[in-house]
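Data first, discussion second: the structure below is written as C-alpha cells.
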There are 4 protein chains.
Amino acid sequence: MTDSSVTTESHTQERILEAAKLVFAEKGYHAARVSDIVEQAGVAQGTFYLYFKSKQAIFTSLVDTFFSQLLEEALSAAPIEAVTSPEQMLQQVHNVWRIILRHFRDDRSLAYLILREARCIGPEFEERIQAYYQQAVGWLADYASKGAKLGLVRPLDPQLAAWAVLGMFERTVYQLVVLEGRDDIELMADQLLELELRGLMADGAKGG
Amino acid sequence: MTDSSVTTESHTQERILEAAKLVFAEKGYHAARVSDIVEQAGVAQGTFYLYFKSKQAIFTSLVDTFFSQLLEEALSAAPIEAVTSPEQMLQQVHNVWRIILRHFRDDRSLAYLILREARCIGPEFEERIQAYYQQAVGWLADYASKGAKLGLVRPLDPQLAAWAVLGMFERTVYQLVVLEGRDDIELMADQLLELELRGLMADGAKGG
Amino acid sequence: MTDSSVTTESHTQERILEAAKLVFAEKGYHAARVSDIVEQAGVAQGTFYLYFKSKQAIFTSLVDTFFSQLLEEALSAAPIEAVTSPEQMLQQVHNVWRIILRHFRDDRSLAYLILREARCIGPEFEERIQAYYQQAVGWLADYASKGAKLGLVRPLDPQLAAWAVLGMFERTVYQLVVLEGRDDIELMADQLLELELRGLMADGAKGG
Amino acid sequence: MTDSSVTTESHTQERILEAAKLVFAEKGYHAARVSDIVEQAGVAQGTFYLYFKSKQAIFTSLVDTFFSQLLEEALSAAPIEAVTSPEQMLQQVHNVWRIILRHFRDDRSLAYLILREARCIGPEFEERIQAYYQQAVGWLADYASKGAKLGLVRPLDPQLAAWAVLGMFERTVYQLVVLEGRDDIELMADQLLELELRGLMADGAKGG
DNA sequence: TATGAATGAGGTTTCATTCAT
DNA sequence: GATGAATGAAACCTCATTCAT
C-alpha cells in the first residue's frame with residue numbers, strides 16, 4: 001500500500017517467512033515449533049495459518065524460493081550455447097561458482113538449513129529437493145559433454161562426475177556456513193574451480 | 001547365550017539394534033517410532049529401555065558402531081608412515097576408496113540413514129558426527145601434506161581439499177544408495193580416484 | 001432497496017440468512033463454518049457480525065422464523081373452538097397435515113436442518129425447540145380432548161398421544177426430506193391422517 | 001485375570017466406555033471433550049487412545065453395542081414365522097414394545113444420547129444409524145405384510161407405516177428419557193400398542 | 001530379564017470473533 | 001455499512017518413557 005513493492009507478499013507474510021528462516025536455522029525443522037516462529041514474527045498463532053497451510057508448507061516455500069532464485073541466477077550466467085572456446089568455458093564455470101557461493105553466503109541461515117535438513121523432512125520433500133539438484137546435475141552433465149567435444153574435458157561418466165562436483169560443493173559450502181568464517185568467497189571459488197577442472201580435465205588440455 | 005560369544009551384546013540387544021537399523025532406514029529418524037522398532041524386533045515396549053536409554057541413544061549407538069568400524073578398517077589400511085613412493089600412495093588411496101565403498105554397500109540401510117539424517121537429529125548429535133568426519137578430514141589433510149612433500153600433490157588448502165573430497169564421496173555414495181543400483185563398486189572407486197587425484201595432483205606428477 | 005419492502009431486513013442480512021440456510025443444511029451446524037456462510041453470501045467475514053451476534057444466533061434466527069411461521073399457519077387453520085362436528089374436525093386435521101407437509105417441502109433445506117440438528121446444538125437451544133414442540137403438543141392434546149368430548153377420540157393420555165403423533169410426523173417427514181423424492185404430499189397427508197386416526201388395524205379386526 | 005469375565009474388555013476399557021457414556025449424555029457429543037472423558041474415567045489422556053482410535057470411534061462403539069443388543073433382544077422375541085393367529089401377533093408386538101422400552105430405560109444415558117445426537121455427528125455416522133433403523137423398519141414392514149395376510153392389518157404403504165411407528169416410538173421414548181420420570185413402562189407399552197394398532201379414533205366413530 | 005499398560009507433556013491446527021480502516 | 005486481517009483459546013492426538021508385575 002504505502003510503498004511501491006514489486007512483490008505481492010504482504011508485510012505480515014514477509015515477517016513470518018523471515019522469522020521461520022531464523023527459527024528453522026537455529027533449531028532445525030523438527031525442533032522448531034510453529035509457536036516459535038510466530039513468537040519470533042510477533043504475530044498470533046492463527047495468523048501463521050492465514051499464510052501457510054502447515055509447518056511443512058512454509059519450509060517448502062522457503063526452499064523453493066531459494067532454489068529457484070539460485071538456479072535462475074546461476075544458469076542464466078552460463079548459457080552453454082555461448083561457449084565456443086575453452087577460455088569462455090572456464091570463464092563461465094568460474095563465474096557460476098562465484099554466483100553460487102555468494103548466494104549461499106548472502107542467505108546464510110537458509111543455506112545452512114537446506115544443507116542440513118533437505119533429506120530428512122519427508123519423502124515428498126526429499127524428492128522435491130532432488131529435482132532441483134537434478135537440474136543442476138543436468139546442467140553440469142551437459143557442460144561436461146560440451147567440454148568433452150571441445151577436448152577440454154576427458155571422457156567420463158557425466159552423471160557420476162556431476163554428482164561428485166555437486167557433492168564437493170555441498171560439503172565445502174556446509175563447512176563454510178557452519179564455521180561462519182571464511183568470507184573469502186573469491187579465493188574459495190578459485191580453489192574449487194581448480195579441483196573441479198583438474199579432476200575433469202583432459203590430459204592434453206592447457207587450462208587455468 | 002549358549003555359545004561363547006566374543007561380544008557382550010545379548011541376543012535381545014542385537015535384535016533390537018538390527019530392527020532399529022531397518023526401521024530408521026525405512027522411515028527416517030523422526031518418523032520412526034520406538035514402537036515400530038520393538039514390533040520389528042519382536043520384543044515388548046519396555047524391553048527397549050532395558051538396553052537403550054532413549055531413542056537417540058540407540059541411534060547414536062548404531063552410528064558409532066558404523067563409523068568406528070569404518071575408520072578402523074580404512075585408516076589401518078593406509079598407514080601414512082609407510083608411504084615412501086608415489087606408487088605406494090596411489091595404491092593406498094585406491095585401496096581406501098574400495099574399503100569405504102564396500103563398507104557402505106555392505107550396510108546399505110545404515111549407510112543410507114547416516115547420509116540422510118546425520119545432520120538433523122540435534123546439535124549434540126551433529127557435533128558427534130562432525131567429529132568422525134574431522135578424523136577422516138585430518139587423515140586426508142595429512143595425506144595431502146605428505147603427498148605435497150613427495151611432489152605428488154600440488155600445494156593447496158588441505159582442509160578445503162579434504163572436505164571437498166569427502167563431499168564428493170558423500171554425495172556419490174548417497175546417489176549410489178538411493179538409486180539402489182550400481183553394484184560396480186570397483187569401477188566407481190576407479191572413477192572417484194581419478195577425479196580426486198587429478199584434482200589434487202601436481203602438474204608434473206605422472207600418476208594413474 | 002427500490003421497493004417498499006414490508007420487512008425491515010436489509011438485502012445483506014437476507015443474503016446471509018439464505019446462505020446460512022444452505023450451508024447449515026449441507027454440512028450441518030457444527031461442520032458449517034462462519035467463513036462458509038460469508039463465502040456463500042458473498043460478503044466479508046466481519047459483515048456477518050454486523051447482523052448476527054454469533055453463529056448460534058443466526059441458527060436460532062432461522063429456526064425461530066421457520067417455527068413461528070409454521071405454527072401461525074397451522075394453528076390459524078385449525079381453530080378448535082370452531083369444531084362442532086366430527087366431520088369438521090376431520091377436515092381441520094386433514095388440512096393441518098397438508099399445511100405442515102407443504103411448509104416442510106417448501107423450505108426443504110431448513111426443514112432437513114431442523115429435523116437433524118435441533119437437539120444437539122446446546123442445552124439452551126434444545127429448550128427453545130422443545131418449547132415450540134410443546135405448543136404443537138398442547139394443541140394436539142386440546143384437540144384430542146375436544147375429540148373425546150365429541151365421542152370421536154377415545155380416552156387416552158393426551159400428552160403421550162400428542163407426542164406420539166408428533167414423532168410419527170417427524171420421522172416420516174425426515175425420511176421424506178432425506179430421500180428427496182415423494183412430492184406426493186397430498187397422498188402422504190392422507191396416509192398419515194389414516195394412521196393417526198385409525199392405526200394399523202383392519203376394520204373388521206377384533207384386536208386388543 | 002481375577003474374575004472369570006466372559007468379555008474380553010479390560011477393566012480400563014470398561015471404565016472409559018462408562019465414563020464416555022456419562023459425559024456424552026451430559027454434554028452432548030460435540031461439547032464433550034476427550035479430556036472430560038478421561039477425567040471422569042480417572043485415567044490419563046493417552047490411555048484413551050490405547051483403546052479407541054478417536055472420539056468418534058468410542059461413540060460408534062457405544063452406539064453399536066446399544067443397537068446390536070437391542071435388535072438381538074427385540075427380534076429374537078418376535079420370530080415372524082411363529083405367528084399364525086392374530087392373538088399371537090398381538091402378543092409378540094406387545095412383547096417387543098416392552099423389550100424396547102426396557103432397553104432404553106435400562107441404559108438411559110446412552111438412550112438419551114442416541115436419540116439426541118444420532119443425526120448430527122457426521123454423514124458416515126448417520127448412515128450407520130440409518131442402517132440399524134432400516135433393520136427395524138424392515139422387520140416392521142414384514143410384520144405388517146404378515147398382518148395383512150392374516151386380515152389383521154389393513155393394506156397400506158408398509159415402509160411409510162413402519163417409519164411412522166418408529167417415529168412414534170422415537171419421540172415418546174425421547175420424552176420419557178428427557179423427563180426422567182415415567183417408570184411405568186408397562187402402561188406406556190400398552191398405550192403405544194393401542195395407538196399403533198387402533199390410532200386415535202373411538203370404536204364407534206365413523207371417520208373418513 | 002521381560003512385559004505392556006499407563007502416562008502426560010506438548011505440538012499442530014481450527015475457527016468464532018474482533019477491530020482498525 | 002462493509003471489509004478482511006488478525007486474534008488466541010482450545011481440542012485432538014502422538015509417542016517417548018516409566019513401572020508394577
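A, B, ... follow the sequence lines: proteins, then strands. Residue 1 opens every chain. Not measured: the values here are computed from a predicted model.
Protein atom CD of E14(A) is 13 Å distant from nucleotide atom P of dA6(F), rounded to whole Å. Across the protein-nucleic acid pair, E39(D) atom CD and dG8(E) atom P stand 13 Å apart, rounded to whole Å. As rounded to whole Å, 17 Å separates atom C1' of dT12(E) from atom CZ of F59(A). Taking atom CD on Q13(D) and atom C1' on dA6(E), their separation rounds to 14 Å, with Å as the unit. For the pair K27(D) NZ and dA10(F) P, the computed distance is 12 Å after rounding to whole Å.
Side-chain contact between E26(A) and L22(A) is absent, with no heavy-atom pair separated by less than 4.5 Å. Taking the side chain as every heavy atom from C-beta outward, L17(A) and Y51(A) never approach each other to under 4.5 Å.
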Once each nucleotide of nucleotides 14-20 of chain E is scored for protein heavy atoms under 4.0 Å, what B/S/- sequence comes out, 5' to 3'?
BBSBB--
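In this structure, the separation between SG on C120(B) and CD1 on I129(B) is 10.5 Å, given to the nearest 0.5 Å.
Mapped onto DNA chain F by nearest heavy atom, V43(C) and A44(A) fall at different nucleotides, with V43(C) at the one closer to the 5' end.
Using a 4.0 Å cut-off on heavy atoms, none of the residues of residues 16-23 of chain D approach DNA chain F.
Listed by chain and number, the residues in a salt bridge (Lys or Arg N to Asp or Glu O under 4.0 Å) with K27(B) are D36(B) (sequence neighbours excluded). Residues forming a salt bridge (Lys or Arg N to Asp or Glu O under 4.0 Å) with K21(B) (at least two apart in sequence, or on another chain): E18(B), D107(B). In this structure, R15(A) has no salt bridge (Lys or Arg N to Asp or Glu O under 4.0 Å) partners at least two apart in sequence or on a different chain.
Using the six-membered ring where Trp is involved, F104(C) and F66(C) have ring planes that are perpendicular, over 60° apart on the 30 and 60° scheme. Between F125(B) and F59(B), the ring planes are tilted. Angles from 30° to 60° get that label.
The phosphate of dA6(F) (OP1 or OP2) has a side-chain N or O of T12(A) nearer than 4.0 angstrom.
Within 4.0 Å (heavy atoms only), F52(C) reaches no atom of the nucleic acid at all.
The aromatic ring centres of Y112(B) and F24(B) sit 6.0 Å or more apart.
Cation-pi geometry between K55(B) and Y29(B) is satisfied (NZ or CZ under 6.0 Å from the ring centre, within 45° of the ring normal).
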For DNA chain F, please output the secondary structure as dot-bracket, reading 5' to 3'. Pairs are Watson-Crick or G-U wobble, both atom distances under 3.5 Å; mark crossing pairs with [ ], other-strand partners with |, unpaired with a dot.
.||||||||||||||||||||
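When the shell of 6.0 Å around CD of E39(A) is examined, it contains 12 or fewer heavy atoms from other residues, nucleotides or ligands.
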